[in-house]
Each structure stands twice: as structure tokens, then as C-alpha cells.
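In what follows, a single structure is set out as C-alpha cells and then discussed.
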There are 2 protein chains.
Amino acid sequence: MIRPTLRQLEYLIALEEEKSFSAAADICNVTQSTLSAGIKELENILEQNLVTRGRRKVTLTAFGVETTYHARNILHETDKITARAHQIKAPLTGPLRLGVIPTIAPYFLPQILPSLQEQFPALELQLHEDLSDRIVKKIEQGALDLLLMAFPFETPNMSQMFLFEEPFYLACPKGQEPRKTTLSTGDLDIESLLLLEDGHCLRDHAIAACGLQQPSMRKAYSATSLQTLVQMVNNGFGTTLLPEMATQEQNLPKNISVLSFNEPKPTRQIGLVWRKNSPRSTEFETLGRAMVNA
Amino acid sequence: MIRPTLRQLEYLIALEEEKSFSAAADICNVTQSTLSAGIKELENILEQNLVTRGRRKVTLTAFGVETTYHARNILHETDKITARAHQIKAPLTGPLRLGVIPTIAPYFLPQILPSLQEQFPALELQLHEDLSDRIVKKIEQGALDLLLMAFPFETPNMSQMFLFEEPFYLACPKGQEPRKTTLSTGDLDIESLLLLEDGHCLRDHAIAACGLQQPSMRKAYSATSLQTLVQMVNNGFGTTLLPEMATQEQNLPKNISVLSFNEPKPTRQIGLVWRKNSPRSTEFETLGRAMVNA
DNA sequence: CAATTGCTATCGATTTTTTCGATAGTATGT
DNA sequence: ACATACTATCGAAAAAATCGATAGCAATTG
């Protein structure tokens, strides 16, 4: 479909403002002949008269006036695109699509978001919460810009930035604490240990950190979220391993004891991931430092 | 200021839909190289990346997605202009700026507008009520398309279409009717005759139709509208001449008698005026016939 | 009433932009 | 390693936008 040109709409607007081809041409920084031809071309496209060529002064037709109104809108809209583009040119401003795994998002983000918003008020974080492999796939496709996740995790062609190491704690129902005074990973009762369902990296990290065997048939005890897991422990169904950020009082029910391990403590690593050769790498590093210090 | 092109925005939209340069190029009926260059040019203008060139699939950046949304809007708006232009190509559709004089508008228009709207439902009448010389000036400038007014009136370079002849009636307070059984224009009492202020053609037409001398000092009795005039007569300030369309019962107060003249009755002519060589002449003639028959 | 002024329309030449076709380059999958 | 399926890039060709000059036309001036 043949469409008017933005240029032609500019010409029309100038003509409406100046009521004169020559004056309008000056405004548009073109010669009068150019503008004249432009308006004529526009009339041809629309198959409709836009101006009544009086000898003395040029006047727009009713349709011409109507069209000028729309034209102004359209130009204004396109200018908004450019303005927006320039506005977000500064580092850590504009939209940033951040993927976060479910065992980090609800605990860590509330801690850091206020500080980030304060430091980077023009940053528009779009949060996407999903499992590690899913957000990795999305960042590979380019549907996400940055990931906040737990290592170790294979992320080919990506830059990983280590942020901090996070210890695991043992969560068990009150009164069922192990009698030992010191707790080491070897003392865990595999039978009563509840874990997240497959796909959550927390499950794999916990198992690896504690040197456990891959439990074979635990489906009956697998949960879909840490919150669910905590509730199960709270009701005496068993024990579980919680990352430190999930152990804050306000997140836990009354009937749970949280016990820390002896050295060497089991841990997971938290960090950022972005596409190697992303033009925003330095921005992401800045953001990472801000997250650690938040 | 440098601006994106509508073409480039099209390219971006197609790219967003297809997630592939080649496929998008097909949609836009250009070669892949053209579309590739177009997107790059757009990115240069905006100084901002729009797509992340993955090997597998192309994905838009956050800003790219945001921009696509605006782009769709903009294209839609421009298409509305063209659509509107084509829509009003049929005769007697679309906007029509009609100038009407104050001694016609409030009486005649209510009679005919319903019928016109029924016959030409897509006609968008924009009414402008003003004195004859003002609306003539405006139609000369091209700010109006058509005039509904009273003749005789000088309208150089205009086409006049006669619609109908309208007799004048004498309006006087009840009980002050002339004693004569037959009323002729010669019997008018000039001293008690109230007229509209200068500028209203009705004043001139009434004077001419009745063969009166130009009254010299009547300012004290001049009114700004026929309605005012009627109220003055109603309150016994004198008599006046009313065109037939202003004599319908619902327009007149209780205390007024309306008397018709003997032949030859004084009259004014009602008609249409448009710019000679207006491309819409035949439309206007159709509209004129519809006004007479309404 | 002829000359001048102040407009817009139009034409051919020129410059600029757009588009194409071909090809290079680069991951992916067989 | 080879074929495949992409995008980027380059020079040539086609299309367009623009310019400068000029014609034409009405209003105004001398």
C-alpha cells in the first residue's frame, strides 16, 4: 500500500502554519518548487485536494485541516521514538530485562531493589522469573539482557560475574533438631530430606554442596517452590536445606529451627550472566557491584 | 531534525513479526539486503540497538520491542489519513463547511437538516453563522466551501444557485394592526418600523423590497438579531418585516400579529454560493435541490 | 494601462536515496 | 567436513527528491 511520507506531512503542516508555499518551503529548508511538488504528490496519494490555491493566499480544504491535525500527531509520535532512544543512551537507564531464578527472586530482590532504584532511578527493570535453563535459553535468544542466578551452571558464550557465596542452612521442625552440638553435612538424614522438584538448580546445588548421592525416588516429597518446602518442614514432614537468603525470620513459620553447618559449610554461588560481547557489559558489572553492596 | 522513515518502521515491524531478516524482507517486498540496511539505518538514526543478531534467530532488544509498539501506532495513524481520504471521495460525503447568514440559520436549517442527514448520512456539515460579507470573504479565502444566503448580493468569481423566493410579512403588536383590509408596501409607517442593525443583508433586502428610503437615524431602534427584533415588537416598540421562515408560530411570542402583503409581495431570494470552478460544483447543485425539496 | 510585485506551477538537470544482485562471512545441523 | 540457513556488505542500477530557472497569473503601483 502506498503511504504518505513523513516529509510530505511536514510540508503540509508548514503550509497550514504559513498559508504560503514559499514561506512554508523556507520553514522546511527546501525550495518552493520542492514543497509545491511534495504537496501535489501528497494530494495524488490521497486522491483528495488539500489546499485551495487562491491567488492571494493559500487556504487548506476542510480535509486538509483535518489531515494536518493527524499529521502533527504522527510526527510527534515518531519524534517521541527518537527522544526515547536518546534518553536511554546513558548507562543503566532505560529497559533492562532481568531473568531471575525462583530461589533467588522472592528473597534477594526485595533486599536490593530499593537501593538499585535509588542509585539508578532511570533504570527500568523488567523481571522475568523462571528456572535456570529457561532463562539461559532466553538470554541466548536475546529475549533477556541479564540473568541473576546460582552457579555452577553451564552458560556457553556468556560472561559470568561472581557476586557472592551463600551458605546453606538446615531447616527442621522445632524439637527434632539433631542431638549433636556440631552439624556437618555428613550427618544429614537422607531419608527425611525434602528437596525441590527437578529443574530447580537449588536442588542440584544442595545435593552437590553436601556431597549427597542423587536421591533416587523422592518424587513424593518434591516441592514446586521453597515456600511450599518450608511449609512441609513446618508441618513435620521432614527437613530441608535452605539458602541463607531464605532464612530470614519474616519468611519462616514458627515451628522451624534453622541450624548452621560447621566448616566447610555447604554453599552456592550467586552471580550475573550476560551475553559475551554484549555492548552493555560494563553497565552490567556496575549493576553487579551495586547488588553486592546493597 | 533527522527522523526515522515510515518505511524503516515498517521494516522493524515486519522483523518483529518474523524474527528473521529474510522473511521480513519478503513481507515488505524488498530484498534481504535492503531490509538489513534499513534496520541498520534506523539504528543509526536512533543511536540505539534494536535487534540482537543471534545466529539462530533474531530477537528485538527491549527498546526494539517498545519501539515496534509505537511504530505500529504511527503506521496505523497514517493509514487512517489515507483511508479517510478515500472514504470521502464519494459525492456529498465528508466535511463540508457551510456558511449561513443569521437571518436564515435559526429558521431554515432546523427544517432541512434532518432531511439532509437522512439523504446524505456521510455528509459532515460544519456550520458557520455570520454576516453575508464575512462569509463571502471566507469563501473567497477558501475557509468555507459553500454559502447559504440571500440575494441580491455581490459575489465576484462565485457561482450563485437560486433556490427559492421568500416573501416578507409585517409583524406588529396585536391590536395595532393597520385598519386597512389590504396591506401594501406603500402603507408602511416608516417611523415605527424596526430593522436589524447595519451589516445584516435582511435590512437592505427589506428596505429594497418595500421601496423604502434608506432610514437615516434609526440606531436607537436597531437590533442585533431577528429574535431581539421580535421581542421588541412583542413589547409594543413598533413593527418590523419578517421573512416567511421566521413567522412560524413556535418562533413567535403571543402578542404579535403577522400580516401578509398584497401583490406584488416584497420578497428576498435565497440561494447557494460557491467558488466558480470548485471541483465540487455538481455536488453543491445536488445539495441545493435537496434543500428546496426538504 | 503598462510595469512591478508577489505569488504558485512546471520543467529539465542534478544530487541523493533506495534498492537490487551478488558475495562474503558465520553459526548450525548432518 | 559439508551442506544449510542465516545476515552483513559492496558496487551498480534504479528511483526519488531536490534545485534553479522560468512561466503564468492576479493584485498593486506608477
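Just so it is clear, the values below take in all heavy atoms, side chains as well, and ignore hydrogens, waters and symmetry mates. The model shown is predicted, which means the values in this text are computed figures rather than measured ones. In what follows, chains carry the letters A, B, and so on, assigned in the order in which the sequence lines appear, proteins first and then strands, with residues in each chain numbered from 1.
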Could you walk me through whether Arg97(B) and Thr61(A) pass the side chain to side chain donor-acceptor pair (under 3.5 Å) check?
-> CA-CA 9 Å; Arg97(B) 296 167 297 188; Thr61(A) 63; 5.5 Å; no
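- Checked against side-chain hydrogen bond (donor to acceptor under 3.5 Å, both in side chains), Gln8(B) has no partners two or more places apart in sequence or in another chain.
- Counting all heavy atoms, side chain and backbone alike, Phe63(B) lies closest to Pro95(A) at N-CG, 4.1 Å.
- Applying the ring pair (Phe, Tyr, Trp, His ring centres under 6.0 Å) test to Phe120(B) and every residue at least two apart in sequence or in another chain returns nothing.
- The side-chain hydrogen bond (donor to acceptor under 3.5 Å, both in side chains) search around Asn73(A) returns none, not counting sequence neighbours.
- Scanning for side-chain hydrogen bond (donor to acceptor under 3.5 Å, both in side chains) contacts around Ser278(A) gives an empty result, with sequence neighbours left out.
- Heavy-atom distances to DNA chain D give each of Ser33(B) and Ser33(A) a nearest nucleotide, and the one nearer the 5′ end belongs to Ser33(B).
- Rounded to whole Å, atom P of dA8(D) lies 12 Å from atom CG of Asn44(B).
- Dashed line: the shortest gap from a side-chain N or O of Lys19(B) to OP1 or OP2 of dC6(D) is not under 4.0 Å.
- Going from atom CG of Asn157(B) over to atom C1' of dC25(D) covers 13 Å, rounded to whole Å.
- OP1 or OP2 of dT7(D) has at least one side-chain nitrogen or oxygen of Ser20(B) nearer than 4.0 Å.
- Put simply, CD on Gln32(B) is 11 Å from C1' on dA5(D), counting in whole angstrom units.
- Not a single side-chain hydrogen bond (donor to acceptor under 3.5 Å, both in side chains) links Lys276(B) to another residue, sequence neighbours left out.
- The distance between atom CG of Leu35(B) and atom C1' of dT9(D), rounded to the nearest whole Å, is 15 Å.
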Quick test: give all pairs of protein nitrogen or oxygen and nucleotides 17-19 of chain C nitrogen or oxygen below 3.5 Å, distance rounded to 0.1 Å.
from    : atom 1 : to       : atom 2 : distance (Å)
dT19(C) : OP1    : Arg7(B)  : NH1    : 2.8
dT19(C) : OP2    : Tyr11(B) : OH     : 3.0

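- If you measure from atom CG of Leu60(B) to atom P of dT7(D), you get 13 Å, rounded to the nearest angstrom.
- Scanning atom types as modelled, no donor and acceptor separated by under 3.5 angstrom connect the side chain of Ser22(A) and the base of dG6(C).
- Look at CD1 on Ile2(B): it is 14 Å from C1' on dA17(D), rounded to the nearest Å.
- Straight-line distance from the CD atom of Glu18(B) to the C1' atom of dA5(D): 16 Å, rounded to whole Å.
- Distance Arg275(A) CZ to dA27(C) P: 15 Å, rounded to the nearest Å.
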